[in-house]
Amino acid sequence: MPKSKRSKVTTLSKTPVRSTKASKVALVNEVQQQIDSYDHVWLFSVGDMRNEGLKELRSQWRGTGRFFLGRGKVMAKSLGETEETEYQEGLAKLARRIKGPVGLFMTSHPVGETVEWFESYSKKEYARMGASATQDITLPEGPLLTPYADPPMGDPFPHSMEPQLRQLGLNTTLVRGVPSLNNPHVLCRKGEKLTSEKCRILKLLGVQMSEFRIHLGSRWSKGEGFVAGEDKATDGDAADEVEDGAMDEDED
């Protein structure tokens with residue numbers, strides 16, 4: 001009689017176990033190696049954090065800059081939090097400014113050109129729950145069209161979407177197989193906090209009300225030391241976007 005597969009014992013002794021302490025030490029060493037490689041270390045914060053946006057930035061700066069975003073305590077330890085432990089003179093002042101979801105950007109690109117590049121960079125994104133509406137949107141009576149435009153133009157939603165649209169709070173019915181509004185519907189007013197349902201409707205309508213951008217704050221430069229800047233605090237959601245310890249995702 002063949003042996004039952006149910007009684008098979010699987011050993012986990014060879015399953016690799018990630019050492020949190022070892023990974024933090026490795027990241028500290030990596031940050032310090034990059035400090036040696038680049039002329040400037042910038043402190044940055046993110047407006048409306050998105051992983052895709054950060055990946056795009058990493059791709060654009062590949063070979064000329066490195067981004068580190070993760071646990072603040074680990075990054076601060078990499079720089080050295082006191083004059084006695086700082087990796088290079090002046091880095092402790094930068095380390096003490098690491099508060100909240102901020103990151104480190106290292107590059108040898110000229111300071112003025114770097115600031116100008118980031119000030120001009122932004123990427124439109126779909127809003128998340130809790131974000132503020134950037135414009136008034138009222139959906140007119142009649143067929144619901146996407147993408148949203150005023151005056152209305154675009155393609156009608158498929159009939160199969162009608163139950164979902166009603167579930168999101170739109171008073172729709174099928175008219176000749178097209179989801180249609182029975183009355184004009186005020187979706188949002190400028191400045192109001194968006195609900196989860198409204199964010200989903202805006203995404204279905206192709207309306208992007210958020211913006212991903214990087215704000216550069218204080219920096220440290222070789223031969224110059226610490227230079228104070230305007231360090232902006234961001235909301236806690238940015239930290240939630242990054243896996244614990246995943247400070248750097250660049251691949252050389």
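Heavy-atom basis, side chains included; hydrogens, waters and symmetry copies ignored.
Between Phe68 and Val31 the shortest side-chain heavy-atom distance falls below 4.5 Å. Contact of the Thr107 side chain with the Asp39 side chain is not registered, since no non-hydrogen atoms from C-beta on lie closer than 4.5 Å.
Judged as a salt bridge (charged side-chain N to carboxylate O under 4.0 Å, His left out), and not counting sequence neighbours, the contacts of Glu83 are Arg96. A search for side chain to side chain donor-acceptor pair (under 3.5 Å) contacts involving Lys123 returns Glu56, not counting sequence neighbours. Shown here are the side chain to side chain donor-acceptor pair (under 3.5 Å) partners of His40, two or more places apart in sequence or in another chain: Ser221. For Glu224, the salt bridge (charged side-chain N to carboxylate O under 4.0 Å, His left out) partners two or more places apart in sequence, or in a different chain, are Arg219. A search for salt bridge (charged side-chain N to carboxylate O under 4.0 Å, His left out) contacts involving Glu192 returns Lys198, not counting sequence neighbours. Annotation: salt bridge (charged side-chain N to carboxylate O under 4.0 Å, His left out) contacts of Arg97 (sequence neighbours excluded): Asp231. In this structure, Ser108 has no side chain to side chain donor-acceptor pair (under 3.5 Å) partners at least two apart in sequence or on a different chain. Under the ring-ring contact (aromatic ring centres under 6.0 Å, His included) criterion, Phe118 pairs with Trp61, Phe105, not counting sequence neighbours. When the side chain to side chain donor-acceptor pair (under 3.5 Å) test is applied to Glu113, the partners found at least two apart in sequence or on another chain are His109.
Cluster annotation: Leu165 is not connected to Tyr126 through the hydrophobic network of ILVMFWY side chains, with a link wherever side-chain heavy atoms come within less than 4.5 Å. Cluster annotation: Phe157 is connected to Leu168 through the hydrophobic network of ILVMFWY side chains, with a link wherever side-chain heavy atoms come within less than 4.5 Å. Under the 4.5 Å side-chain heavy-atom criterion for Ile, Leu, Val, Met, Phe, Trp and Tyr, Leu79 and Val227 are members of distinct hydrophobic clusters. A continuous path of hydrophobic side-chain contacts links Tyr38 to Tyr87 [ILVMFWY only; heavy atoms under 4.5 Å]. Met129 and Ile137 fall into different hydrophobic clusters, where Ile, Leu, Val, Met, Phe, Trp and Tyr residues are linked whenever their side-chain heavy atoms come under 4.5 Å apart, directly or through other members.
Atom NZ of residue Lys24 and atom NZ of residue Lys73 lie 8.5 Å apart, to the nearest 0.5 angstrom. Rounded to the nearest 0.5 Å, atoms OG (Ser45) and NE2 (His215) are 5.0 Å apart. A distance of 10.0 Å separates CZ in Arg200 from OG1 in Thr195, rounded to the nearest 0.5 Å. With rounding to the nearest 0.5 angstrom, the CD1 atom of Ile35 is 5.0 Å from the CG atom of Leu91. Between Leu27 atom CG and Arg71 atom CZ the span is 11.5 Å, to the nearest 0.5 Å. Atom CZ in Arg66 sits 9.5 Å away from atom CD in Gln33 (nearest 0.5 Å).
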Just distance, no hydrogens or angles: give the donor-acceptor pairs under 3.5 Å from side chains in residues 177-187, sequence neighbours left out.
from, atom 1, to, atom 2, distance (Å)
Ser180, OG, Val178, O, 3.0
Asn182, OD1, Thr173, OG1, 3.0
Asn182, ND2, Asn171, O, 3.4
Asn182, ND2, Asn171, OD1, 3.3

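Checking side-chain atoms of Trp220 against main-chain N and O of Gln88 turns up no donor-acceptor pair under 3.5 Å. In this structure a side-chain-to-backbone donor-acceptor pair under 3.5 Å is present from Ser218 to Gly229.
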**OP:** Before giving the answer on side-chain contact (heavy atoms from CB on, under 4.5 Å), spell out for Ser132 and Lys193 the whole-Å C-alpha distance, their side-chain angles and the decisive distance to 0.1 Å.
**Re:** CA-CA 5 Å; Ser132 297; Lys193 296 294 183 182; 3.5 Å; yes
**OP:** Decide yes or no on side-chain contact (heavy atoms from CB on, under 4.5 Å) for Leu69 and Leu104, but give the supporting numbers first.
**Re:** CA-CA 6 Å; Leu69 181 64; Leu104 298 174; over 6 Å; no
**OP:** Begin from the C-alpha positions of Gln60 and Trp117 and carry the test side-chain contact (heavy atoms from CB on, under 4.5 Å) through to its verdict.
**Re:** CA-CA 11 Å; Gln60 293 194 41; Trp117 192 94; 3.3 Å; yes
Subject >> Trace of the side-chain contact (heavy atoms from CB on, under 4.5 Å) decision for Thr114 with Trp42 >> reply: CA-CA 10 Å; Thr114 301; Trp42 291 89; 4.1 Å; yes
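For the pair Val46 and Phe212, the tightest heavy-atom approach, listed with the atom from each and the gap, is CG1-CE1, 3.3 Å. Between Met209 and Cys188, the closest heavy-atom pair is CE-SG, 3.8 Å. Listed here is the closest heavy atom pair of Thr146 and Gly206: OG1-N, 4.2 Å.
The list of salt bridge (Lys or Arg N to Asp or Glu O under 4.0 Å) pairs with a residue in residues 172-186, not counting sequence neighbours, is empty. For residues 150-163, the set of pairs meeting the side chain to side chain donor-acceptor pair (under 3.5 Å) definition, not counting sequence neighbours, comprises Glu162-Arg166, Glu162-Thr172.
In the model, Ser78 has no side-chain atom that pairs as donor or acceptor with a side-chain atom of Gln32 under 3.5 Å.
Taking a cutoff of 4.0 Å between a charged side-chain nitrogen and a carboxylate oxygen, Glu86 and Lys93 do not qualify as a salt bridge.
Checked options Leu204, Val207, Ile201; the residue passing with Tyr148 is Val207 (criterion: side-chain contact (heavy atoms from CB on, under 4.5 Å)).
Atom NZ of Lys190 has 12 or fewer neighbouring heavy atoms from other residues, nucleotides or ligands inside a 6.0 Å radius.
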